[in-house]
Amino acid sequence: MTDPPGSGHQAGTGLALPAEVEEATPAAAAPKPRFEEIFRDYFGFAWTGLRRLGVAEASLDDAVQDVFLVVHRRLRDFERRSALKTWLYGIMLRVAHDHRRTRQRKGESEPLDEGLADRRPGPLEAAARAEGLRLLEKLLEGLDEAKRDVLVLADLEQLSAPEIAEIVGVNPNTVYSRLRAAREQFNEAVARYQRGRR
C-alpha cells in the first residue's frame, strides 16, 4: 500500500478536473473558495479521513472521487455558515456510510491501512503500529455507525462537539451522549481483548 496521496495529487483517482470551474458568487465577507483550490488543499485530508471512517483501501480512490464530485456539484450552495472543513466532513461522512454499506452487502472486510501509521518507524515499531491499527479497526467495527462516527470525529479528527453536531445533524447534547457511550463501549472492548490475551 502506498502512502496517502499528498495535497494536489491526482494520480489513480480517476477524477478528471473540469477545464474551467466558474466561481460561485462571493459571500459578503470573502469570496468562496474555488473548486481547484479545495481539491488541491484537501485531497490528502479527504483520503485520510475516509480511511479512518472505515472506507476500504480498495474503495478509497472511488470514495475520494465521490466526495469531490459532490463538492463540485454543491459548491454554489455552500453559504459559509460553517467552516469549509466542517462542510467537507459532512460530505465525507455520507460518502463513507455509502461505501461501508456497499462493502457490508458484498461481505468484504479489510483491515485499517498500515500506511496511516508513522511512515518512518523501525521494523519493530512498524509491526506494533500495524497491529495497533488492525486492532483499532476491529474495535471500531464493533460500534454501531452513529457511535463510530462521533468517536472518530472527536478522538481521531479532534473536532469539537458543536462541529460534530453540525456534521451529523443532531444537537451537541446528543453528540456528548453518543460519545460517552461510544468511549465506554470501546473501552469495554479493549478490556475484553486484554483479558483474552492473558
Side-chain angles (χ1 to χ4, degrees), residues 3-10 13 15-18 20-55 59-101 112-113 115-116 136 140 143-183 186:
D3 290 337
S7 295
H9 180 74
Q10 299 178 41
T13 65
L15 178 62
L17 291 175
E20 185 176 313
V21 178
E22 189 176 336
E23 281 193 71
T25 304
K32 290 182 183 178
R34 292 173 51 91
F35 175 78
E36 293 94 337
E37 295 169 352
I38 297 172
F39 183 82
R40 181 192 67 225
D41 296 342
Y42 289 95
F43 182 92
F45 165 79
W47 196 98
T48 303
L50 288 166
R51 192 65 183 107
R52 287 175 169 174
L53 288 168
V55 175
S59 302
L60 271 175
D61 285 346
D62 290 339
V64 172
Q65 177 173 327
D66 290 346
V67 166
F68 285 103
L69 287 174
V70 174
V71 169
H72 183 261
R73 189 171 64 246
R74 294 179 50 197
L75 186 56
R76 285 182 177 272
D77 302 325
F78 176 51
E79 298 177 352
R80 302 180 69 92
R81 287 183 293 201
S82 61
L84 177 61
K85 188 176 282 190
T86 304
W87 183 67
L88 283 171
Y89 263 122
I91 295 170
M92 288 161 54
L93 205 58
R94 287 186 288 277
V95 169
H97 287 180
D98 290 344
H99 279 265
R100 287 202 311 255
R101 288 189 189 106
L112 195 63
D113 176 29
L116 294 178
L136 174 63
L140 286 174
L143 301 175
D144 66 62
E145 204 167 73
K147 291 188 183 78
R148 176 184 178 137
D149 291 343
V150 297
L151 189 65
V152 167
L153 293 174
D155 290 354
L156 296 181
E157 301 296 347
Q158 300 294 303
L159 294 183
S160 68
E163 289 173 321
I164 297 169
E166 184 176 345
I167 291 167
V168 302
V170 299
N171 65 55
N173 286 338
T174 301
V175 170
Y176 288 123
S177 175
R178 287 182 186 175
L179 184 56
R180 185 168 48 252
R183 285 172 175 161
F186 185 86

*Does some side-chain heavy atom of R101 sit less than 4.5 Å from a side-chain heavy atom of E145?*
yes

*F78 and V71: CA distance, side-chain angles, deciding distance, side-chain contact (heavy atoms from CB on, under 4.5 Å) verdict*: CA-CA 9 Å; F78 176 51; V71 169; over 6 Å; no

*Working to the nearest 0.5 Å, report the span between CG of L179 and OG1 of T174.*
12.0 Å

*asked:* Please find the pair of heavy atoms, one from A165 and one from P172, that lie closest to each other, and give the distance.
replied: CB-N, 3.7 Å

*Which pair of heavy atoms, one from L50 and one from M92, lies closest together, and at what distance?*
CD2-O, 3.5 Å

*Say you draw a straight line from CZ of R148 to CG of L156; how long is it, rounded to the nearest 0.5 Å?*
9.5 Å

_Distance in Å, R34 CZ paired with D41 CG, rounded so as to fall on 0.5 Å steps_ = 12.5 Å

*F39 CZ to E36 CD distance, which is reported to the nearest 0.5 Å*: 10.0 Å

*side-chain contact (heavy atoms from CB on, under 4.5 Å) between Q65 and D61, intermediate numbers included*: CA-CA 6 Å; Q65 177 173 327; D61 285 346; over 6 Å; no

*If you round to the nearest 0.5 Å, how far is OH of Y89 from CZ of F45?*
4.0 Å

*Going from CG on L93 to CG on D98, what distance comes out if it is rounded to the nearest 0.5 angstrom?*
10.0 Å

*Determine, stepwise, if the pair V67 / Y42 fulfils side-chain contact (heavy atoms from CB on, under 4.5 Å).*
CA-CA 11 Å; V67 166; Y42 289 95; over 6 Å; no

_Does L53 form a side-chain contact (heavy atoms from CB on, under 4.5 Å) with H99? I'd like the steps, not just the answer._
CA-CA 10 Å; L53 288 168; H99 279 265; over 6 Å; no

*Set of residues satisfying side-chain contact (heavy atoms from CB on, under 4.5 Å) with respect to A146, sequence neighbours excluded*: D144, R178

*Counting distance only, does the side-chain N/O of R51 pair as donor-acceptor with the main-chain N or O of V55 below 3.5 Å?*
yes

_A182 versus L143, closest heavy-atom pair with distance_ = O-CD2, 4.1 Å

